[in-house]
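These notes concern the structure reproduced below.
Only heavy atoms go into these numbers, but all of them, side chains included; no hydrogens, no water, no symmetry mates. In what follows, every chain begins at residue 1, and chains take the letters A, B, ... in the order their sequences are listed.
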Amino acid sequence: MTISDSRPERGSAASVVRARNLLKRFGTKTVIDDLDLDMPRGGCYGLLGPNGAGKTTLLRMLLGHVLPDAGTLEVLGEPVPAAARSVRARIGIVPQDDNLDPDFTVMENLRIYAGYFPQPARRPLTPWLESLLEFVSLHERATDRIQSLSGGMRRRLVIARALVNDPELLILDEPTTGLDPQVRHLIWAKLRELIKKGSTILLTTHYMEEAERLCDRLAIVDQGRILAEDTPKTLIAQRVEPSVIELRIRGAGHRASADDVPAEPTGLPEAISRHARIERIDETWHCHTHHPQRVLEHLPRYPEIEYLHRPANLEDVFLNLTGRELRD
Amino acid sequence: MNPTSIPRRSIPRRWHIPRLHPAAAFAVWRRNALVWRRLFVSSLVFHFGEPLLYLIGIGYGLGRFIDGMEGMDGISYLSFFASGLVASSTMMSTSYEATYSAYTRMVPQKTYDGIIATPVEVDDIVAGEMLWCATKGCMAGASLLIVATLIGAFAGFEALLCIPILLLIGLAFSGLALAITATAPSYDYFSYYMTLFITPMFILCGVFYPISSMPAFVQGLIQVLPLTHAVALVRPIVTGAALENPILHIAILIAFAFVGFYVAAILIRRRFIL
């Protein structure tokens, strides 16, 4: 028995999540601001946004744990919060911080959690739970206590736990935050495996790489609104110039004192700005352009400038839409 | 399009009457029972050792000087005190479980956060917790009951008939304690509850002496406290005396259980449903 091998076609509603005019205020702060969302069945959908953008609040709303002040919400075709209980039986959740039960072993955690669902996903239960542990490569730790697991193992166990009810929709809130690159890649591989087998995944992240690698569609969220929504490729194509040239004065950053600002190369900004949108971040200039050659041809005259020419990526889209000021 | 009206309902919406799913509440009970099974030796010493010490020290030691005095319902002081102690240790054990232990599950361990992601509702958690804390109290009371029966403090093994009453006593106290736990900012908060509410009941509600020996106005106050009614049920059952007003006492304990459950459910919803 393997995960998702004989998944029956349950429901065929086009959207797994359908939100209209969702609104939520905490005191005077509007955390979800007149938000509309249509998330298709199948594949991976990403909510990308800075800290405090409203991503987690939106996820908790899908579970019925945050009650909207206005608007309508349907998850898997059922109204939420009215049918939240029945919706939660059909979805799996990987929360931002691990809330594994420290009083139990790895296997007991799955078994106890399975007991919270009215009907077990698969019978007999034990081989099903064993297959889940095998899926996240924890089958050899089945009888270990939670305290003995590393952060990456715990996160994998939380993912296995989220699968105990064989969910139609798997929701992950920043699944790889705080994990080392090895574990991150392993988790991405597991999620891709689930997607390939037909699962629908909704995840929040602020890692561009995660969003680009995993998500078929993305919504960029900030201040409780969706600023843009499309495939990663289309977002990059439509929301920013295709090329970025990052310029930097050689030796900048090795200054003797704060007053020792390197002289601006005479005439360069004027020359480039006709062909590029220039953003200055500290001592680096980001030149966003449709015509990289026209920018590059100026550079040989300025030997003190070092540069990096790269295609635009999701991070450029993200920063362009959400701005660069800090969010903490 | 902007939403035209924002209904203001943040308070009433969390006040709805609980709708329970017994299987879900039982799953919560079962989780706690499985943890207990693992730690059961140490919890036995804690919940059982202390009352046993009281029973021997005060029941035997002090009893020698008191036996035969008026107002003891014609029973030995050991029987009198042991029967009160069965009720009060049920209260104590339930109250500790529903404050310190439940808080540990609710806040630092985030056990409830994990559970509410499943079809189990907050109300089911409250019901399961109440039932568990009552079970724990019932076990503490029952083990004392068995020991007291073995040393001959009670009439005979028909004393064991009061075990269902112990469960009811546990339910009456667990709802109150969970309501306190729901509003607790930290563990320190519980010492107020214990010192200002639980300990006074232990001292005033007829565990050590008949409440008829108190001044009239204090007796009136004592009559509204749940432990008084718990003792009034347990003592006649275990000593083989006739019950007075059993329906009244049972009804009062049931009322405490239901009101406690409802208040605890509303307060714990506020912690988890925003």
Which atoms of [X] are under 4.5 Å from chain B, going by heavy atoms: the side chain, the backbone, both sets, or neither?
| X | answer |
| --- | --- |
| A:Phe104 | both |
| A:Arg20 | neither |
| A:Asp97 | side chain |

| query | Ion pair present between A:Asp103 and B:Arg38, side-chain N to carboxylate O less than 4.0 angstrom? | reply | no

Distance (rounded to the nearest 0.5 Å) between [X] [atom1] and [Y] [atom2]:
| X | Y | atom1 | atom2 | answer |
| --- | --- | --- | --- | --- |
| B:Leu274 | A:Met61 | CG | CE | 10.0 Å |
| A:Gln96 | B:Asp113 | CD | CG | 12.0 Å |
| B:Arg30 | A:Ile112 | CZ | CD1 | 5.5 Å |
| A:Ile93 | B:Ile116 | CD1 | CD1 | 9.5 Å |
| B:Asp124 | A:Tyr116 | CG | OH | 11.5 Å |

| message | Please find the pair of heavy atoms, one from A:Asp101 and one from B:Gln109, that lie closest to each other, and give the distance. | response | OD1-OE1, 4.2 Å

| query | What heavy-atom pair brings B:Pro119 and A:Arg85 nearest, and what distance separates the two atoms? | reply | O-NH1, 2.6 Å

Counting only heavy atoms from other residues, nucleotides and ligands, does the tally under 6.0 Å from [atom1] of [X] exceed 12?
| X | atom1 | value |
| --- | --- | --- |
| B:Tyr54 | OH | no |
| B:Tyr192 | OH | no |
| B:Phe258 | CZ | no |

| said: Between A:Gly92, A:Pro102, A:Pro95, A:Gly115, who has the most heavy-atom pairs with chain B when the cutoff is under 4.5 Å? | reply: A:Pro102

| request: With a 4.5 Å cut-off on heavy-atom pairs, point out which of B:Val28, B:Thr111, B:Ile115 contacts chain A the most. | output: B:Ile115

| remark: When the 4.5 angstrom heavy-atom criterion is applied to B:Ala117 and chain A, the contacting part is both

